[in-house]
Amino acid sequence: MKITKKYMEWYALLSLIYCYDENLKFLENSEKPDWQNKHLDIGLEVTEVLNKADGRERAVVNRYFGKGLDGQYIKKEIENHYPEYSSNIIVSEGRVCHIKSLGSSKHIIDKVILTIDKKAKKLNECYVKFKNNWLYVFAPDVFTDDIQDICREYVKLKIKHEVYFDKIFLFVDNLIFVLGFNGIENKIQLPHEYLKKLKLEALKKAEK
């Protein structure tokens with residue numbers, strides 16, 4: 001499966017339609033921001049916290065994870081094909097495997113805040129403004145323990161921008177954290193049965 005910008009946009013929207021507010025199905029794909037509807041007075045921009053060095057790590061995730069493979073098998077495969085990540089592969093309970101981020105917690109938080117800040121600058125410079133200006137952020141490397149810190153930094157940025165995102169949807173490990181100016185408003189668990197459906201539907205729509 002090839003991950004494209006269009007795929008990410010559709011995945012973000014569909015995840016919110018299914019698990020947050022079905023009225024978002026009336027948003028239309030556009031530019032600046034990516035999704036918008038004048039009647040609902042909502043603009044939704046979609047972005048991802050990713051740098052060049054993250055691309056190879058993503059290849060590891062796409063190749064091995066989420067496919068029901070045995071954890072020990074994944075670890076051996078990664079040790080053979082991606083030795084630089086071998087020390088970051090953790091196998092728990094004998095079979096469950098995940099990859100530990102290579103960046104420090106502070107480094108990851110800084111990347112998220114920088115991404116939000118850059119998008120807020122674009123919102124002020126050239127985006128269509130709505131009553132509800134929202135930002136959906138894919139942040140695969142974020143630790144759930146860091147969400148509170150990210151939320152505090154996000155609120156601090158508000159004074160820097162004339163117009164700001166009043167809601168952030170932070171996608172972390174199949175969870176969507178809804179951040180507002182008063183803190184974490186909600187934590188949405190994407191049901192396991194939805195994940196495959198989301199990926200297939202987003203891929204299909206992105207290819208049109």
Side-chain angles (χ1 to χ4, degrees), residues 1-27 29 33-35 42 44-50 54-75 77-78 81-82 85 88-103 108 111-112 115 134-147 150-151 167-179 184-208:
M1 180 184 71
K2 185 177 180 181
I3 296 178
T4 64
K5 183 178 185 297
K6 191 63 66 178
Y7 168 81
M8 302 296 280
E9 290 172 3
W10 274 108
Y11 191 100
L13 181 65
L14 291 170
S15 70
L16 294 181
I17 291 172
Y18 292 148
C19 302
Y20 184 71
D21 185 350
E22 65 178 12
N23 287 320
L24 296 177
K25 65 185 178 182
F26 296 111
L27 266 61
N29 200 205
D34 298 312
W35 298 100
I42 294 175
L44 175 66
E45 176 71 3
V46 179
T47 191
E48 183 179 17
V49 181
L50 186 70
D54 294 325
R56 187 167 169 82
E57 184 174 343
R58 166 179 280 174
V60 176
V61 174
N62 284 346
R63 184 170 181 179
Y64 297 108
F65 291 85
K67 298 181 179 180
L69 299 175
D70 180 82
Q72 293 296 342
Y73 170 81
I74 293 176
K75 185 172 179 60
E77 283 288 299
I78 290 176
H81 297 286
Y82 302 90
Y85 295 129
N88 294 82
I89 300 302
I90 299 173
V91 180
S92 58
E93 298 178 5
R95 295 174 57 89
V96 181
C97 187
H98 67 275
I99 186 167
K100 182 175 66 175
S101 173
L102 302 181
I108 294 167
K111 284 203 302 182
V112 173
T115 298
W134 295 349
L135 180 65
Y136 192 112
V137 181
F138 287 94
D141 291 339
V142 167
F143 300 105
T144 54
D145 290 345
D146 295 329
I147 303 299
I150 290 173
C151 191
K167 200 180 295 289
I168 301 281
F169 298 92
L170 192 64
F171 182 92
V172 178
D173 194 24
N174 296 330
L175 289 168
I176 302 173
F177 291 87
V178 185
L179 312 184
I184 300 174
E185 297 180 354
N186 198 359
K187 182 176 75 171
I188 304 167
Q189 173 73 59
L190 295 180
H192 182 73
E193 61 269 20
Y194 279 7
L195 296 176
K196 185 175 181 180
K197 178 182 178 181
L198 276 171
K199 291 176 181 179
L200 291 176
E201 189 170 349
L203 184 62
K204 183 177 180 180
K205 288 182 176 295
E207 291 175 342
K208 287 183 178 180

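Predicted, not measured: the structure shown is a model, and the values here were computed from it. Throughout, residue positions are numbered sequentially from 1 according to the sequence presented.
- Taken from NZ in K25 to OH in Y18, the straight-line distance is 11.0 Å, to the nearest 0.5 Å.
- Separating the NZ atom in K199 from the NZ atom in K196 is a distance of 10.0 Å, to the nearest 0.5 Å.
- Side-chain contact between Y7 and E207 is absent, with no heavy atoms from C-beta onward closer than 4.5 Å.
- Side-chain contact check for D146 versus V112: every heavy-atom pair is 4.5 Å or farther apart.
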Worksheet entry | Residue pair L135, T115: steps toward the side chain to side chain contact (heavy atoms under 4.5 Å, CB included) verdict | CA-CA 10 Å; L135 180 65; T115 298; 5.8 Å; no
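- For the pair L14 and A202, the tightest heavy-atom approach, listed with the atom from each and the gap, is CD1-N, 3.7 Å.
- Across C151 and I184, no two heavy atoms sit closer than the pair SG-N, 3.9 Å.
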Worksheet item: Yes or no on side chain to side chain contact (heavy atoms under 4.5 Å, CB included) for Y136 and I176, after CA distance, side-chain angles and deciding distance?
Response: CA-CA 9 Å; Y136 192 112; I176 302 173; 3.7 Å; yes
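- Rounding to the nearest 0.5 angstrom, the gap separating the CZ atom in F138 from the OG atom in S15 is 6.0 Å.
- Between W35 and W10 there is a side-chain heavy-atom pair separated by less than 4.5 Å.
- Under the 4.0 Å criterion applied to side-chain N and carboxylate O atoms, E9 and K6 are assigned as salt-bridge partners.
- By the neighbour-count criterion of 12 heavy atoms within 6.0 Å, atom CD of E22 is sparsely surrounded, having that number or fewer from other residues, nucleotides or ligands.
- Atom CD1 of residue I147 and atom CG of residue L175 lie 8.5 Å apart, to the nearest 0.5 angstrom.
- At least one donor-acceptor pair under 3.5 Å links the side chain of N29 to the backbone N or O of D34.
- Only one option out of I188, T144, I150, N186 pairs with F177 in a side chain to side chain contact (heavy atoms under 4.5 Å, CB included); it is T144.
- Contact detail for M8 and V46: the closest heavy-atom pair is O-CG1, 3.9 Å.
- Between L190 and F171 there is a side-chain heavy-atom pair separated by less than 4.5 Å.
- The only member of L27, I168, L44 that meets side chain to side chain contact (heavy atoms under 4.5 Å, CB included) when paired with W134 is L44.
- Looking at every heavy atom in both residues, L16 comes nearest to L24 through CB-CD1, 3.6 Å.
- Looking only at side-chain heavy atoms (C-beta outward), D141 and K111 come within less than 4.5 Å of each other.
- Around atom NZ of K5, more than 12 heavy atoms belonging to other residues, nucleotides or ligands sit under 6.0 Å away.
- Taken to the nearest 0.5 Å, the CZ atom of F143 stands 11.0 Å off from the CG atom of D173.
- Note that CD of E201 and CG of L203 are 11.0 Å apart. Values are rounded to the nearest 0.5 Å.
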